[in-house]
Amino acid sequence: MNKKISALLLAGAMILSLAACGSQGSTPSSSSAAPSGETVGLTEAFAESPILVTSGGQSADYQMVGTLMGKVGMEYEIKNLATSADLGAAKTLIIVVGGSSKGLGAAGIDADGELARLEELMTGAKAAGLSIIAMHTGGEARRGDLSDKFIAPIFEKADYAIVVSSGDEDGLMSGICASKGIPMDSIDSISKVATVLPAAFK
């Protein structure tokens, strides 16, 4: 008799244990939910023309982006030392990040002056209701102390970002975008700008 009671009690305990596991499985867990702080790509077009393209650090990368935009029929104005006075009728500002000591020298500006210009430009763009797209297309070669000075100030104010993945192996840009809720698309090479960027425009 005692053996039967013990068996019944053991069976009951097992049933309760299975029921508890079943109820836990029916509740969404953190692993099945969308991870917090994860970078996501762009899901819908948001930007509009006219477009103003400028440099963030005076490397030649902004010119390469402009060339690719032209090849897919995107109309834009390009100005390496643009300020808010140059925004005109623009509805989207694209800033291509990449520091170049040679480029800064040729432009007659130092890194601090470039940062001040960009701050003034972005403040003016936000006040005028422009969308801001930040791009880092130079890959690993366009990282380092000089280029890195421009990344956070620009990316933190962006509405969307495009990054060549080899330039973000340390997760600096994806981390900024994830923390700020900024959509970011990673691409393998600068040539892919021509396929990704047009999708951002209505």
Side-chain angles (χ1 to χ4, degrees), residues 35 37-82 90 92-104 106-107 111 114 118 121-122 131-202:
E38 182 178 337
T39 304
V40 296
L42 190 68
T43 57
E44 61 181 354
F46 71 97
E48 297 180 76
S49 296
I51 306 165
L52 176 63
V53 179
T54 193
S55 174
Q58 298 304 313
S59 73
D61 296 344
Y62 77 104
Q63 295 172 316
M64 297 171 68
V65 167
T67 298
L68 290 167
M69 290 171 66
K71 286 183 177 181
V72 293
M74 297 181 74
E75 295 184 5
Y76 64 93
E77 181 182 354
I78 193 165
K79 192 174 181 66
N80 67 318
L81 291 173
T92 300
L93 172 65
I94 295 177
I95 305 176
V96 185
V97 182
S100 166
S101 55
K102 182 178 179 180
L104 288 167
E114 177 76 336
L118 291 163
L121 174 61
M122 291 185 290
S131 300
I132 298 178
I133 298 176
M135 302 176 67
H136 187 280
T137 58
E140 184 179 3
R142 199 60 75 186
R143 289 293 307 274
D145 291 341
L146 181 57
S147 286
D148 289 2
K149 285 182 179 181
F150 302 102
I151 290 174
I154 294 170
F155 274 71
E156 288 175 353
K157 290 182 172 62
D159 299 297
Y160 172 49
I162 298 174
V163 174
V164 170
S165 56
S166 63
D168 194 40
E169 290 184 350
D170 60 353
L172 174 60
M173 287 168 275
S174 55
I176 292 170
C177 291
S179 67
K180 299 289 185 180
I182 300 165
M184 185 188 104
D185 282 312
S186 294
I187 55 179
D188 295 332
S189 66
I190 189 172
S191 63
K192 297 292 181 65
V193 166
T195 59
V196 175
L197 181 61
F201 286 81
K202 298 178 181 178

### Query
Are the side chain of Ser147 and the backbone N or O of Gly98 linked by a donor-acceptor pair below 3.5 Å?
no
#### Entry: From Arg143 atom CZ to Asp148 atom CG, the distance as rounded to the nearest 0.5 Å
4.0 Å
### Task
Could you tell me whether a side-chain N or O of Thr39 sits under 3.5 Å from a main-chain N or O of Ser174, the two making a donor and an acceptor?
yes
### Message
Donor-acceptor pair, distance only, cut-off 3.5 Å: does the side chain of Gln58 make one with the backbone of Asn80?
### Response
yes
### Task
For a side-chain contact (heavy atoms from CB on, under 4.5 Å) with Ile95, tell me which candidate from Met122, Met135, Lys157 qualifies.
Met122
### Student check: side-chain heavy atoms of Ile94 and Tyr76 closer than 4.5 Å
no
### Summary
In short, Gly56 meets Ile154 closest at the heavy-atom pair CA-CD1, 4.0 Å
### N/O donor-acceptor pair under 3.5 Å between His136 side chain and Arg142 backbone
yes
### Query
For Met173, does its backbone N or O pair with a side-chain atom of Asp168 as donor and acceptor, under 3.5 Å?
yes
#### Entry: Met64 CE: over 12 foreign heavy atoms closer than 6.0 Å
no
### Message
Test your reading of the model: is there a side-chain donor-acceptor pair from Ser55 to the backbone of Tyr62, 3.5 Å cut-off?
### Response
no
### Query
Counting distance only, does the side-chain N/O of Asp185 pair as donor-acceptor with the main-chain N or O of Ile162 below 3.5 Å?
no
### Task
Assess whether atom CD of Glu140 is packed by more than 12 heavy atoms of other residues, nucleotides or ligands within 6.0 Å.
no
### Task
Quick one: closest heavy-atom pair of Ile151 and Ile176, and the distance?
CG2-CD1, 4.2 Å
